[in-house]
Amino acid sequence: MKFSLPRGLRDIEPEDFELMEQVREAFNQTCRLFGFDLMEPSPLELLETLEAKSGASIRDEIYAFKDKSGREVGLRFDLTVGLTRWVVSNRSLQYPVKIGSFAGLWRYDEPQYGRYRWFYQWDAEAFGPRNVDADAEVVDFTYSLFRRLGLDEVSIHIGDRKLLEEYIERQLGVKDELLVAEMMRALDKVRKKSLQEILEEYSSKVEPSTLSQLLDFGRLSGEAEEVLSRLEEYRLASTTTLINLIDLLKHRGVKNVVLDLSIVRGLDYYTGIVFEAFTADQALGALAGGGRYDILPAVFGRPDLGATGVAGGVDRTIIALKRRAAPTKPKEPTVYVAYVNKEVHAYAQHIASTLRREGLPAEVDLAERTLRKQLEAASKRNSEYVIIIGPKELSSNKVIIKNIKNGKEDVKSITETINLLKQVKKKVEVWCNHT
RNA sequence: GCCGCUGUGGUGUAGCCUGGCUAGCAUAGGGGCCUGUGGAGCCCUCAGCGUGGGUUCAAAUCCCACCGGCGGCCCCA
């Protein structure tokens, strides 16, 4: 264990990397469908930029250090800060600005299962409009992305911070900002702990009878129409936002929407609609979360801009993909070009290169191993086909093509072989586009 | 940052309580049996006690510290 990794870091190994690429592809395609431009903000920011979002205390929770010239810098802990900084400082952008990013982040947290100090997120943000259309766009984006990944059971829980604030102020008569924040924090735990536990935990900070009312209010959760009708009796003006949002989502064909007033999310900057995406197993935690954060552009000097967005954890999504029973993406047919002896070694490499130039994945042994070993390697590498080349094939200008799964062999010309492989490849592509 | 559990080849483990021969087994990797046809079998081989101290004639085993992993708390921007 001499050359181990620093705490909380890991290598992304081939199996996980493959799944991560699936998520990245689905995200990139969804960005194109919705007209979000892709970019990646700088991984390193000045510390003051990172602190703008949530105060100097952030320093303890991120990778922050002095560079060789003594500048205080930090590794990005989310993509929102960098994207917002970029948008805010580019005066020539046309609004709405819709941008997405898929990139690695660093946080100095205690590592735990599915939680590392270096991890990936995807992120889509819409800047400019303050209306609920932009929120609907972002929720629809999230829904569509999970659909594309085949995680059809993902449901989106939507809440509204404004509505909660109005309820706390008007109905509970609490005005003190810090107290309101504590109450929100408590409410956020409703999905993790029992009411009793929460009331006890906060008994020193918040009047239990008041908190209890809020928790009851927050337990309003379920099918949208039903929750909205039960909200009527409270006569809260902010309810209109949710009504409009739900209506828009219906027209957009977004399904699996749950109204859940206990959704709070991070306290530092969300201001309106907030939402989280869950799989059937809620213990896994949210796969993605987002909402409206109009405060942040204002912090960066653009109070005229609205902002709403969503960020998703790639590691949790990969866990969900692994648990899913549905068939995983079939591999393109790969071919192993095996050769009988040294004399035809060079010819085999020629064949493999020819296939690759035709866009067909092909492998060839690099170590002059015996035919037996080459076939063994081909079968372990999960190749679909083996091409076998010996002196006979070289002189007749043909190859043996063998289906590794059923062991059947054929003697074909190189052109015929290429055509066969291309047909198989096409079938796989059609399969992929259907799912 | 705090609390609890835990650490033996790449992976999974036996041995630890009760200190004592060359740290055992399985699997994965490399090779051979097998010089133009793979997945089996047999044989060989590579590879380990997280790190550093202490106790002892003797430490994987007992003690301490650190490091890593897992679970929880805080936080989740």
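Residue numbering restarts at 1 for every chain, and letters A, B, ... go by the order of the sequence lines.
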Next on the checklist: Closest-nucleotide mapping onto RNA chain B: is A:Y116 or A:I62 further toward the 5' terminus? I mean the 5' end.
Outcome noted: A:Y116

Item to check | Position toward the 5' end of RNA chain B (nearest nucleotide), A:R316 or A:K408 | outcome: A:K408

Expressed in angstrom and rounded to an integer, what is the separation of [X] atom [atom1] from [N] atom [atom2]?
{"X": "A:E368", "N": "B:G36", "atom1": "CD", "atom2": "P", "result": "14 Å"}
{"X": "A:E376", "N": "B:A28", "atom1": "CD", "atom2": "P", "result": "11 Å"}
{"X": "A:Y385", "N": "B:G39", "atom1": "OH", "atom2": "P", "result": "21 Å"}
{"X": "A:D123", "N": "B:C76", "atom1": "CG", "atom2": "P", "result": "18 Å"}
{"X": "A:E15", "N": "B:U11", "atom1": "CD", "atom2": "P", "result": "15 Å"}
{"X": "A:Q374", "N": "B:U35", "atom1": "CD", "atom2": "C1'", "result": "13 Å"}
{"X": "A:F77", "N": "B:C76", "atom1": "CZ", "atom2": "C1'", "result": "11 Å"}
{"X": "A:D365", "N": "B:U37", "atom1": "CG", "atom2": "P", "result": "16 Å"}

Checklist entry - With under 30° as parallel and over 60° as perpendicular, where do the rings of A:F102 and A:Y120 fit, or are they tilted in between? => result tilted

Next on the checklist: Would you call the rings of A:W118 and A:W106 parallel, tilted or perpendicular, taking 30° and 60° as the class edges?
Outcome noted: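 Answer is parallel, since the angle falls under 30°.
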
Item to check | Result of checking A:R115, A:Q121, A:R10 against A:D315 for side chain to side chain donor-acceptor pair (under 3.5 Å) | outcome: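 Only match with A:D315 under side chain to side chain donor-acceptor pair (under 3.5 Å): A:R10.
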
Item to check | Qualifying residues under ring pair (Phe, Tyr, Trp, His ring centres under 6.0 Å), relative to A:Y293, sequence neighbours excluded | outcome: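 Per chain and number, A:Y293 pairs via ring pair (Phe, Tyr, Trp, His ring centres under 6.0 Å) with A:Y269.
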
Inspect the contact between [Y] and [X] and indicate whether a charged nitrogen and a carboxylate oxygen are less than 4.0 angstrom apart.
{"X": "A:E40", "Y": "A:R76", "value": "yes"}
{"X": "A:E21", "Y": "A:R24", "value": "yes"}
{"X": "A:E25", "Y": "A:R148", "value": "no"}

Nearest-angstrom distance, [atom1] atom, [N] to [M]:
{"N": "B:C5", "M": "B:C66", "atom1": "P", "result": "15 Å"}
{"N": "B:G29", "M": "B:C46", "atom1": "C1'", "result": "8 Å"}
{"N": "B:G4", "M": "B:A47", "atom1": "P", "result": "39 Å"}
{"N": "B:C44", "M": "B:A26", "atom1": "P", "result": "11 Å"}
{"N": "B:G52", "M": "B:G9", "atom1": "P", "result": "15 Å"}
{"N": "B:G50", "M": "B:G69", "atom1": "C1'", "result": "11 Å"}
{"N": "B:A58", "M": "B:C21", "atom1": "C1'", "result": "12 Å"}
{"N": "B:A14", "M": "B:C74", "atom1": "C1'", "result": "40 Å"}

What contact category does [X] fall into here, base, sugar-phosphate, or nothing, at under 4.0 angstrom with non-hydrogen atoms?
{"X": "A:K402", "value": "base"}
{"X": "A:I404", "value": "base"}
{"X": "A:K342", "value": "nothing"}
{"X": "A:E13", "value": "nothing"}
{"X": "A:I400", "value": "base"}
{"X": "A:G407", "value": "base"}
{"X": "A:G8", "value": "sugar-phosphate"}
{"X": "A:R76", "value": "nothing"}

Looking at [N], I'd like to know if its phosphate oxygens (OP1 or OP2) sit under 4.0 Å from a side-chain N or O belonging to [X].
{"X": "A:K373", "N": "B:U37", "value": "no"}
{"X": "A:R372", "N": "B:C34", "value": "no"}
{"X": "A:K189", "N": "B:C75", "value": "yes"}
{"X": "A:R185", "N": "B:C76", "value": "yes"}

Go through [options] for me and flag the one nearest to the [X] side chain.
{"X": "A:E393", "options": "B:C75, B:G36, B:G38", "answer": "B:G36"}
{"X": "A:E110", "options": "B:G36, B:C73, B:C74", "answer": "B:C73"}
{"X": "A:K380", "options": "B:G30, B:C74, B:G39", "answer": "B:G30"}
{"X": "A:R7", "options": "B:G36, B:G69, B:C75", "answer": "B:G69"}
{"X": "A:S379", "options": "B:G31, B:G36, B:G39", "answer": "B:G39"}

Checklist entry - Can the positive tip of A:R85 be found less than 6.0 Å from the middle of the six-membered ring of A:F300, inside 45° of the ring normal? => result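 No - A:R85 does not lie over the ring of A:F300 by the 6.0 Å and 45° rule.
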
Checklist entry - Hey, does the side-chain of A:E409 have a donor or acceptor N/O within less than 3.5 Å of a partner on the base of B:U37? => result yes

Checklist entry - Of the non-hydrogen atoms in A:A286 and A:F278, which two are nearest, and what is the gap between them? => result N-CE2, 3.7 Å

Checklist entry - For the residue pair A:D294 and A:A307, what are the closest heavy atoms and their distance? => result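 That would be OD1-N, 2.8 Å.
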
Checklist outcome for this item: Taking pairs as Watson-Crick (N1-N3 plus N6-O4 or O6-N4) or G-U wobble (N1-O2 and O6-N3), each distance under 3.5 Å, the stems of three or more consecutive pairs with RNA chain B are B:1-7 with B:67-73, B:10-13 with B:24-27, B:29-33 with B:41-45, B:50-54 with B:62-66

